[in-house]
Amino acid sequence: MENLTRFIRSKKHYSKIKRIIKPAAFLPMFNDVSNRFETSSFFIDELTNGNIWDLGNEHIQNVRIKARADFKVKDVEKSDLSIDFNIEPERHADIIGWAEDNKPKQKEQALKLAEKSHLKIPPNLN
Amino acid sequence: MSEISISALKPGNVFNQNMNTAASGEADRIYDLYEEALKALRETEIISKDSEHIENAKKELNDVFTEACEENWNDEGAKAVSYDTYQKACEFINYLPKILPEAEISADPDGEISIEWYGKGNRVFSVSINDMGKLSFAALYGKKFLHGVDFFNCEVPDSLMINIKIALGL
């Protein structure tokens with residue numbers, strides 16, 4: 001498991017013209033159940049581009065997916081973060097290791113990961 | 001009218017400085033009026049520095065607020081951007097100097113608003129503002145990173161301006 005993607009739900013979390021993913025796309029939410037900050041992602045090894053969009057549409061149904069940010073496990077590690085491959089739902093993984101209650105540090109971590117990620121736009125929005 | 005030309009009208013320049021006590025009360029009142037007028041003019045100048053630039057940023061901010069003003073706007077449990085946070089971000093944008101290029105604006109999942117500038121060669125400056133004017137920022141300068149906190153109180157703090165300029169190569 002090497003390749004991951006983060007499905008982007010806000011059109012303001014990337015710029016198609018500048019080809020950038022904004023750090024806000026990766027900023028975590030606190031999960032009361034697991035008692036940690038997490039950012040949801042999916043691992044996409046052995047999937048075609050079309051399969052990846054299908055995976056997103058299968059699991060994200062209440063908002064339209066605007067884009068996705070592809071990245072590698074090593075990019076996560078270089079951002080002082082780690083991956084919890086919990087596979088709930090299928091292929092799901094949480095980006096964890098976010099600085100506790102330290103928004104500026106979380107922004108730095110998100111900035112590092114966003115900078116290493118690659119923007120992909122759904123075929124219907126291209 | 002520029003601030004310099006207005007200074008020529010400063011009451012102290014118009015009235016004799018050896019005025020008697022009876023006249024000094026009136027002079028003080030006129031001076032207060034002058035101060036108020038100058039303050040209003042400064043605010044107008046700040047807001048109209050680059051109206052198109054500022055207006056575009058505000059339009060972007062309005063779009064962000066429209067998208068994220070309700071709870072769970074990202075279907076992942078994100079907090080809504082409050083009207084107070086929107087107003088604080090609007091105020092912050094009004095005080096940005098005109099030398100800065102247009103900012104990228106987005107909502108954070110904790111309900112804060114991110115304002116960003118992208119320079120050449122992997123240079124980024126990102127600041128999040130909340131409803132109290134707290135500024136949480138992070139920057140990328142090539143391979144170097146930094147982060148910090150400051151507060152917005154009717155002016156963009158020097159700590160931010162310096163780092164924004166570095167990110168943009170200004």
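Naming convention: chains lettered A, B, ... in sequence-line order (proteins, then strands); numbering from 1 in each chain.
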Would [X] and [Y] show up in the same hydrophobic cluster when neighbours are defined by side-chain heavy atoms closer than 4.5 Å?
| X | Y | answer |
| --- | --- | --- |
| I166(B) | L96(B) | yes |
| F26(A) | I44(A) | no |
| I129(B) | W73(B) | no |
| I21(A) | L27(A) | no |
| Y141(B) | V124(B) | no |

- Item | Under 3.5 Å side-chain donor-acceptor pair for S106(B) and K22(A) |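 Note: S106(B) and K22(A) side chains miss the donor-acceptor criterion.
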
Regarding K107(A) and S128(B), is there a side-chain donor-to-acceptor distance under 3.5 Å anywhere?
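Short answer, yes.
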
(message) Filter on ring-ring contact (aromatic ring centres under 6.0 Å, His included), then keep only pairs touching residues 98-132 of chain B, sequence neighbours left out; what's left?
(response)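 The answer is F125(B)-F137(B).
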
How about [X]: does its [atom1] atom have over 12 heavy atoms from other parts shown lying under 6.0 Å from it?
| X | atom1 | result |
| --- | --- | --- |
| E90(A) | CD | no |
| K165(B) | NZ | no |
| E100(A) | CD | yes |
| K11(A) | NZ | no |
| D45(A) | CG | yes |
| E91(B) | CD | yes |

Heavy-atom distances under 4.5 Å only: say whether E115(A) touches chain B with side chain, backbone, both or neither.
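Just its side chain gets close to chain B.
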
**I20(A), part contacting chain B, at a heavy-atom distance under 4.5 Å** =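 For I20(A), the contact with chain B is made by the side chain alone.
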
Donor-acceptor list for residues 81-90 of chain B side chains, cut-off 3.5 Å, not counting sequence neighbours:
| unit_1 | atom_1 | unit_2 | atom_2 | d |
| --- | --- | --- | --- | --- |
| S82(B) | OG | T85(B) | N | 3.1 |
| S82(B) | OG | T85(B) | OG1 | 3.0 |
| T85(B) | OG1 | D131(B) | N | 3.3 |
| Y86(B) | OH | N62(B) | OD1 | 2.5 |

Counting only non-hydrogen atoms closer than 4.5 Å, does [X] touch chain A with its backbone (N, CA, C, O), its side chain (CB onward), both, or neither?
| X | value |
| --- | --- |
| A107(B) | backbone |
| N122(B) | side chain |
| L135(B) | neither |

Notebook entry, point to check: Looking only at heavy atoms, which of residues 54-71 of chain A get nearer than 4.5 Å to chain B?
Noted result: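 Under the 4.5 Å heavy-atom cut-off, N62(A), V63(A) qualify.
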
Quiz item: So, for S114(B) and A24(A), which heavy atoms are closest and what is the spacing to 0.1 Å?
Solution: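 Between these two residues, the closest heavy atoms are OG-CB, 4.4 Å.
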
Just give me the residue among E76(B), K79(B), E116(B) that pairs up with chain A most often, heavy atom to heavy atom, under 4.5 Å.
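Maximum pair count with chain A is reached by E76(B).
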
Chain A contacts, top residue of L146(B), V149(B), N72(B) (heavy-atom pairs, under 4.5 Å)
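Heavy-atom pair counts peak at L146(B).
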
query = Would you call L140(B) and K112(A) a side-chain contact if the rule is heavy atoms closer than 4.5 Å?
reply =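 Heavy-atom side-chain distance check fails, nothing below 4.5 Å.
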
Worksheet entry | Side chains of H147(B) and Q109(A) in contact at under 4.5 Å (non-hydrogen atoms) |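 A side-chain contact is absent here, since even the closest heavy-atom pair is not under 4.5 Å.
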
Margin query: I need the S136(B) OG to Q106(A) CD distance, nearest 0.5 Å.
Written below: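 Between S136(B) OG and Q106(A) CD, I get 9.5 Å after rounding to 0.5 Å.
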
Just do the salt bridge (charged side-chain N to carboxylate O under 4.0 Å, His left out) check on K18(A) and E104(B) with the steps written out, would you?
CA-CA 11 Å; K18(A) 294 180 181 172; E104(B) 294 281 340; 2.7 Å; yes

Original post:
Counting N and O atoms only, with roles assigned by atom type, does the side chain of H13(A) sit under 3.5 Å from a partner on the main chain of D108(B), one being a donor and the other an acceptor?
Top reply: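 Flag not set: sc H13(A) to bb D108(B) has no pair under 3.5 Å.
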
Could D75(B) and R9(A) be called an ion pair, given the rule that one side-chain N must be under 4.0 Å from one carboxylate O?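 So D75(B) does not pair with R9(A) through a salt bridge.
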
Notebook entry, point to check: Is K12(A) salt-bridged to E60(B), cutoff N-O under 4.0 Å?
Noted result: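 Yes, K12(A) and E60(B) are salt-bridged.
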
- request: List, by chain and then residue number, the residues other than I96(A) in its hydrophobic cluster (Ile/Leu/Val/Met/Phe/Trp/Tyr, side-chain heavy atoms under 4.5 Å); write none if there are no others.
  value: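 Besides I96(A), the cluster holds no residue at all.
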
